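Here the structure comes first, spelled out in structure tokens, and everything after it is commentary.
All values below were derived from every heavy atom in this structure, side-chain atoms included, with hydrogens, water molecules and symmetry-related copies excluded. Being a predicted model, the structure only gives us computed values, none of them experimental.
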Amino acid sequence: MDWQTESPELWAFLESLRPGEILSGTVAAIERFGVFVALDDGPEHPRLPGVGFITIPELSWRYIDAGTDVVDVGQRVSCEFLQFDTYNAEARLSLKALRPDPFQDFADRSAVGQALLGTVVKILPVGAFVDVGDGVLGLVPFKEVHGGPAACPPEAFETGAEISVVVSDIDRPHRRVLLSTQEAAPAVTSGADPSPS
């Protein structure tokens, strides 16, 4: 569709936006791939529930399963404008850009070799993702890292289990935390069986 011809008012509005601009609106619809926002100062979209759109990764700094983990339909939101999506004629927005990044705080107060308690939130073929606080996820790799042996076999982890980990690397530019269990004793929580299941 030629949006510029079919919806000149919408096109002109989107062209007027600048990256970094703060836009407010109301959550119009929540889909598995993102959230539509009806912008206060924007025209209605002829085909979509809202002119603004937030992808799932731009909703929160934390790991989330769905948009409903962060917002509700009808909720008022303020977002940062990222870019003009000319294909869909929508404003790509970021909700998390206006909130503190917990990773930076973690990186400031943590150091390589530091022991932490964390909760296993996801197990993938590459390793176990462990929440080490404030939604910051670190990866305990199952394969060799920097020439060292594998940290643990996959069967040693259980989703929801609290474990002891050691920070092995903090990569600020890529916002990644590598963890190890090699030097950390298993954390025993009350009523929990520390043995692998």
Side-chain angles (χ1 to χ4, degrees), residues 1-110 119 121-139 169-178:
M1 179 174 185
D2 183 356
W3 294 108
Q4 199 165 5
T5 303
E6 298 294 328
S7 301
E9 182 187 2
L10 171 62
W11 191 270
F13 168 75
L14 292 169
E15 276 195 317
S16 74
L17 301 176
R18 297 292 171 259
E21 190 174 340
I22 308 304
L23 304 174
S24 296
T26 304
V27 175
I30 301 173
E31 304 290 346
R32 61 174 179 76
F33 48 85
V35 172
F36 289 97
V37 179
L39 297 174
D40 293 346
D41 300 325
E44 287 190 20
H45 198 289
R47 292 193 180 175
L48 302 174
V51 172
F53 184 73
I54 312 169
T55 60
I56 296 295
E58 290 298 331
L59 283 169
S60 175
W61 291 109
R62 303 173 194 277
Y63 171 79
I64 60 170
D65 289 316
T68 51
D69 293 343
V70 181
V71 294
D72 298 307
V73 172
Q75 181 179 334
R76 298 281 305 155
V77 293
S78 290
C79 304
E80 181 177 307
F81 174 68
L82 299 178
Q83 66 183 36
F84 173 7
D85 177 346
T86 56
Y87 182 79
N88 294 307
E90 63 188 13
R92 288 295 176 97
L93 308 172
S94 175
L95 187 64
K96 74 178 185 182
L98 301 183
R99 299 181 178 179
D101 180 357
F103 175 85
Q104 299 304 331
D105 181 54
F106 172 85
D108 288 343
R109 61 182 164 77
S110 303
T119 304
V121 295
K122 197 167 195 177
I123 301 169
L124 296 175
V126 296
F129 285 92
V130 178
D131 186 329
V132 290
D134 296 324
V136 176
L137 297 186
L139 174 67
D169 186 43
I170 299 173
D171 182 348
R172 281 182 184 264
H174 297 101
R175 301 184 73 260
R176 286 194 297 236
V177 179
L178 283 179

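Contact record, Phe36 with Glu31: CE1-CG, 3.9 Å, taken as the closest heavy-atom pair. Glu21 approaches Ser16 most closely through the heavy-atom pair OE1-O, 4.2 Å. When every heavy atom of Ile170 is checked against every heavy atom of Ala107, the shortest pair comes out as CG2-CB, 3.9 Å. Listed here is the closest heavy atom pair of Ala29 and Val73: CA-CG2, 4.3 Å.
Annotation: side chain to side chain contact (heavy atoms under 4.5 Å, CB included) contacts of Asp171 (sequence neighbours excluded): Asp169, Pro173, His174, Arg176. A search for side chain to side chain contact (heavy atoms under 4.5 Å, CB included) contacts involving Arg109 returns Asp105, Phe106, Asp134, not counting sequence neighbours. Every side chain to side chain donor-acceptor pair (under 3.5 Å) that Thr26 has, sequence neighbours left out, goes to Arg76. Remark: Phe103 engages no residue in a ring-ring contact (aromatic ring centres under 6.0 Å, His included) (not counting sequence neighbours). Among residues two or more places apart in sequence or in another chain, the side chain to side chain contact (heavy atoms under 4.5 Å, CB included) test is passed with Ala12 by none. For Glu80, there are no side chain to side chain donor-acceptor pair (under 3.5 Å) partners two or more places apart in sequence or in a different chain. In this structure Ser60 satisfies the side chain to side chain donor-acceptor pair (under 3.5 Å) test with no other residue, sequence neighbours excluded. Applying the ring-ring contact (aromatic ring centres under 6.0 Å, His included) rule to Trp61 yields no partners; only residues at least two apart in sequence or on another chain are considered. Residues that satisfy the side chain to side chain contact (heavy atoms under 4.5 Å, CB included) test with Gln83, not counting sequence neighbours, are Arg92. Taking the side chain to side chain donor-acceptor pair (under 3.5 Å) definition, one finds that Ser78 meets it with Ser24, sequence neighbours left out.
Of the charged side-chain nitrogens involved, at least one lies within less than 4.0 Å of a carboxylate oxygen, so that Arg175 and Asp101 count as a salt-bridged pair.
Side chains of Leu23 and Cys79 form no contact here, defined as non-hydrogen atoms less than 4.5 Å apart. Side-chain contact check for Ile64 versus Leu59: some heavy-atom pair is nearer than 4.5 Å. Here the side chains of Phe84 and Leu17 are not in contact, with every heavy-atom distance at 4.5 Å or above. Residues Val27 and Asp72 have side chains not in contact (no heavy-atom distance under 4.5 Å, counting atoms from C-beta outward).
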Between side-chain atoms of residues 3-10 and protein atoms elsewhere (two or more places apart, or another chain), which donor-acceptor pairs fall under 3.5 Å?
from : atom 1 : to    : atom 2 : distance (Å)
Trp3 : NE1    : Tyr87 : O      : 2.9
Thr5 : OG1    : Asp2  : OD2    : 2.7

Donor-acceptor contacts, no H, no angles, side chain residues 48-57, under 3.5 Å, sequence neighbours left out:
none

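Formation of a donor-acceptor pair under 3.5 Å by the His45 side chain with backbone atoms of Ala89 is found in this model.
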Evaluate side chain to side chain contact (heavy atoms under 4.5 Å, CB included) for Glu90 paired with Leu39, printing each intermediate quantity in order.
-> CA-CA 10 Å; Glu90 63 188 13; Leu39 297 174; over 6 Å; no
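Within a 6.0 Å sphere centred on CD of Glu44, heavy atoms belonging to other residues, nucleotides or ligands number 12 at most.
The CZ atom of Arg62 sits 12.0 Å away from atom CG of Asp69, with the distance rounded to the nearest 0.5 Å.
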